[in-house]
Number of protein chains: 2
Amino acid sequence: MPEGNTVRVSLRDVAAHAGVSVKTVSNVVNDYQHVTPAMRARVQRSIDALGYRPNLAARHLRKGRTGIIALALPELGNPYFAELAAAVIDSAAAHDYTVLLDHTGGRREQELLVCRGFRARVIDGLILSPIELEAEDLGDRAENVPLVLLGEREYDLPYDHIAIDNVAAARAAVRHLIGLGRREVAFIGARRGRSEPAQLRVRGWREELTAAGLPSDAGLVAATDGWGHADGEAAMIRLLDSGRRPDAVFAYNDPMAIGAMRALHARGVRVPEDIAVAGFDDVVEGRFAAVSLTSVSPDKEAIGRLAVESVLARLGGRTPAPRRVRAGHRLAERESTLGRVGAFGAPGRDT
Amino acid sequence: MPEGNTVRVSLRDVAAHAGVSVKTVSNVVNDYQHVTPAMRARVQRSIDALGYRPNLAARHLRKGRTGIIALALPELGNPYFAELAAAVIDSAAAHDYTVLLDHTGGRREQELLVCRGFRARVIDGLILSPIELEAEDLGDRAENVPLVLLGEREYDLPYDHIAIDNVAAARAAVRHLIGLGRREVAFIGARRGRSEPAQLRVRGWREELTAAGLPSDAGLVAATDGWGHADGEAAMIRLLDSGRRPDAVFAYNDPMAIGAMRALHARGVRVPEDIAVAGFDDVVEGRFAAVSLTSVSPDKEAIGRLAVESVLARLGGRTPAPRRVRAGHRLAERESTLGRVGAFGAPGRDT
DNA sequence: ATGAAAGCGCTAACAC
DNA sequence: GTGTTAGCGCTTTCAT
């Protein structure tokens, strides 16, 4: 027995009140075409009078859809994901869809749970940004709710995947650094351990350096366990203490770049005069750092929109061929590489 | 083995497969007490064999519960709300609840829609952090899903409200500033326009200054339109150009404080030597600013937990008396007021 | 154009 | 302990 709160008004009640059949009321509620205006008005009056609200659960049970898609992100605390979530939510809302948010903490176990459909049948589709998940984890997925992948990891699997061109983006950032005359460009945020989520960005970094005839040896790579501010700070300190003297640093993401800048600031190393710093994700925080941060700027709005569209395109049993979609990106050049240009604020206003 | 790609297994199918009644299967699925272990095992085997997943829509239709609560936040881009969302999600998960996330953009219209149950969402409860909403908007709420309010605004309405003691917290921050010898403490982030969400923090700021016999006149208050980095930056610039020379600034939130610090940095004003800065919310970003930010640190985990508990306590028609719950807070003192203390990193490690 | 009736998959009386 | 059965509120043939 549903513990009745307030007045529970059903279609049946409205029908009785209006003196028509349930079907007619349903027709009105669903904006069915062939209803006489008079009838429509009459039913509408009863609806208003009784304060009728359709019961979504019943509708879902009947139609087999819930109007909800899940978005599973590694970490909401990282502003990139928060901003991405906002984009997905807005995009979904535009399609009358609602977003259910999960965060996996980037833990494989949690990611597995999510993509194995522990949400059972509450959701019509799933957008997942995996960190630790391996291809084989996704291979035996028995679920039938459409899955769309986000993020840097690439899997050779029949799922839609939305991402920017990470290699090209990383190369652009490093090229910018080289163009500024830097010759020792370190990378912060490679991965320790078996899997390597930063793979593509490391590759882009290395390719560009190699193409320019510059070093990209292991001594220039600072591996980390996580991807937060503290990890970037610690990695930068290690780099400084290693004896190596890079004149530029490219970080896996903005929080790490900002952590690195804090370490540099504390050590009295000037940014960008002594060491230029570039990040990845273009989060708001970077734009307002004391020295604003140069960063690869993915088109988050596009990523969110494409992800939602991809999921919705697979609803109702439709199964378009899996596709890899490239969202756009650009390089937001700011003080951490350019130095303070012109009047105050100019570089900070960039985006 | 699930047959075909459309896995559509119902209780009935499992019952047939196991040679028992649906009730028995239902009992197993719901962990009903009185089932013989042998029977349980047998049913479980069929469940696994068929890959049965309960249909939530049907369960909801029957029970009147969905296992989903909605969380409506003004802005996911503000890390405070992102961190809060994470706390709510985790807390809900601990109760086997799932969180559906909305963001209102702090727009009154959107907030209204949400709390009026727009799109008649499939939710058991709603946690809302309003910015613009007025008491009268909430007064005529016809919805019967439990509503819990979060945040600084206080309404004289019969809803649970979870917040820290904003006045006390603001006073503590200002007291800290005064204790450091500051005599002209400005406030950044008061509101332009009719409603004043920052009210309590402004009040705390004023009370503490008044108690200390220090000025809190209008010239020390910088109003803003929004609550982002850029607003704080602009407000700080206006303050500097006003002729007034505060030796400390208390900002409505951390993003504004950080924006203000950027402005100060750009103008060559030293923090904290010339002007000390304190913020509110203790977001990660502040801990890793070049000059780490002193900030009021609300117990986000507690807020999230209390909010979820409050909502769940009102489920199933239970209507405990509305209550105002105070979550804890403390002042995280860092370099933006203390200066660089001792060895590198010490103050940044604080939280 | 409108009505009657059959379920969607599940839970909870109530029987045995 | 386990089975039978009646709906939860809605959409949807199929008549009319």
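Keep in mind it's a predicted model, so treat the numbers as computed, not measured. Just so it is clear: chains get the letters A, B, ... in the order the sequence lines come, proteins before strands, and each one is counted from 1.
A:R323 and A:S310 are linked by a side-chain donor-acceptor pair at a separation below 3.5 angstrom, with hydrogens and angles left out of the test.
Rounded to a whole Å, the NE2 atom of B:H60 is 14 Å from the C1' atom of C:dG9. What separates CG of A:L61 from C1' of C:dC10 is a distance of 8 Å, to the nearest Å. In this structure, B:N27 atom CG and D:dT4 atom P are separated by 14 Å, rounded to whole Å. Distance, B:K63 NZ to C:dA13 P: 12 Å, rounded to whole Å. One can place CD1 of B:I47 at 16 Å from P of C:dG9, the figure rounded to the nearest angstrom. One interatomic measurement links the two molecules: CG of A:N55 to C1' of C:dC8, which rounds to 13 Å at whole-angstrom precision. Between A:R42 atom CZ and C:dT2 atom C1' the separation is 11 Å, expressed in whole Å. If you measure from atom CG of A:N30 to atom C1' of C:dT2, you get 15 Å, rounded to the nearest angstrom.
The shortest distance between the side-chain N/O atoms of B:T24 and the OP1/OP2 oxygens of D:dG3 is below 4.0 Å. Dashed line: the shortest gap from a side-chain N or O of B:Y52 to OP1 or OP2 of C:dC10 is under 4.0 Å. Residue A:S21 has no polar side-chain atom (N or O) positioned under 4.0 Å from OP1 or OP2 of C:dT2.
The side chain of A:R62 approaches D:dT12 more closely than any other nucleotide in the set C:dC10, D:dT12, C:dT2. In this structure, the nucleotide among C:dT11, D:dG3, C:dT2 sitting nearest to the side chain of B:K23 is D:dG3. Of all nucleotides listed (C:dA1, C:dC10, C:dT2), C:dA1 comes nearest to the side chain of A:H34. Side-chain atoms of A:T36 lie closest to C:dT2 of the nucleotides C:dC10, C:dT11, C:dT2.
By the 6.0 Å contact criterion, CD on A:E136 is enclosed, its count of non-hydrogen atoms from other residues, nucleotides or ligands being greater than 12.
B:E132 places no side-chain N or O within donor-acceptor distance of the main-chain N or O of B:R107, the cut-off being under 3.5 Å. The backbone N or O of B:I131 lies less than 3.5 Å from a partner atom in the side chain of B:R153, making a donor-acceptor pair.
Position along DNA chain D of the nearest nucleotide to B:A58 versus B:G19 favours B:G19 as the more 5'-ward residue.
No contact: B:V29 has no heavy atom under 4.0 Å from any strand.
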Stepwise side-chain contact (heavy atoms from CB on, under 4.5 Å) test for B:L149 and B:I162: CA-CA 6 Å; B:L149 264 16; B:I162 321 281; over 6 Å; no

